[in-house]
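Remember, it's a predicted structure, so these values are computed and weren't measured experimentally.
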Amino acid sequence: MTSSTTPGGAVAALRAATREQHARVEAALDLLSPTVDVVDVARAVTVLAAFWRDAEAGLDAWAEAEPADARRLRWPERRRADLLAGCADLLAGAAGTPASAAGAP
């Protein structure tokens, strides 16, 4: 059994604690709706990329202060900002607009 102090336990605890918030966000975005187009998805991914860029700055400071915990939680492998920014660029290109113009929803 994992505890909230182990990497797997911490992730499971975080998922359980934020499940309701995630469900509300997913329902509000409704990205699986047939009316959602590539521009809508590009906007959502652009916002996620910006969120992760800011979050990673804070998490990098934490990782520097707590290197053993950062290694145990494999922090470098969990980074998402660059991947999401690349996806936003691809989606914006498919929509015919630069990612910077896709903006927030």
Side-chain angles (χ1 to χ4, degrees):
M1 182 161 109
T2 61
S3 74
S4 62
T5 59
T6 64
V11 170
L14 182 60
R15 283 186 181 147
T18 61
R19 184 171 288 122
E20 186 177 314
Q21 291 90 339
H22 281 266
R24 283 197 311 262
V25 168
E26 289 169 13
L29 290 174
D30 198 19
L31 293 175
L32 298 178
S33 167
T35 62
V36 171
D37 62 15
V38 69
V39 173
D40 296 326
V41 176
R43 286 182 182 141
V45 174
T46 298
V47 169
L48 284 172
F51 166 82
W52 274 103
R53 190 164 324 286
D54 290 346
E56 286 176 6
L59 288 165
D60 286 342
W62 162 81
E64 189 174 314
E66 303 291 342
D69 288 338
R71 277 192 303 278
R72 187 170 59 251
L73 293 172
R74 300 184 331 267
W75 163 237
E77 297 171 36
R78 297 176 184 275
R79 298 182 72 85
R80 291 174 172 78
D82 289 342
L83 174 65
L84 288 166
C87 290
D89 287 343
L90 287 171
L91 288 163
T97 182
S100 59

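Clustering ILVMFWY residues whenever any of their side-chain heavy atoms sit less than 4.5 angstrom apart, transitively, puts Val25 in a cluster other than the one holding Leu14. At a threshold of 4.5 Å between side-chain heavy atoms, the hydrophobic network of Ile, Leu, Val, Met, Phe, Trp and Tyr places Leu31 and Leu90 in two separate groups. No continuous path of ILVMFWY side-chain contacts below 4.5 Å connects Phe51 to Leu83, so the two sit in separate hydrophobic clusters.
Between Pro76 and Ala70, the shortest heavy-atom distance links the atoms CD-O, 4.4 Å. In this structure, Glu56 and Ala81 approach most closely via the heavy-atom pair OE2-N, 2.9 Å. Here the shortest heavy-atom pairing between Ala42 and Ala92 reads CB-N, 4.0 Å. In terms of heavy atoms, Val45 sits closest to Leu91 at CG2-CD1, 3.7 Å.
How far CD of Gln21 is from CZ of Arg19: 10.5 Å, rounded to the nearest 0.5 Å. A distance of 11.0 Å separates CG of Leu59 from CG of Asp54, quoted to the nearest 0.5 Å. Atom CZ of Arg43 is separated from atom CG of Leu29 by 12.5 Å, given to the nearest 0.5 angstrom. A distance of 11.0 Å separates CZ in Arg71 from CD in Glu66, rounded to the nearest 0.5 Å.
At least one donor-acceptor pair under 3.5 Å links the side chain of Arg78 to the backbone N or O of Leu73.
No more than 12 heavy atoms of other residues, nucleotides or ligands shown are found within 6.0 angstrom of CZ on Arg15.
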Q: Please step through side-chain contact (heavy atoms from CB on, under 4.5 Å) for the pair Arg79 and Asp60, ending with a clear verdict.
A: CA-CA 10 Å; Arg79 298 182 72 85; Asp60 286 342; 2.5 Å; yes
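Using modelled atom types, one finds no donor on one side chain facing an acceptor on the other under 3.5 Å when comparing Trp75 with Asp69.
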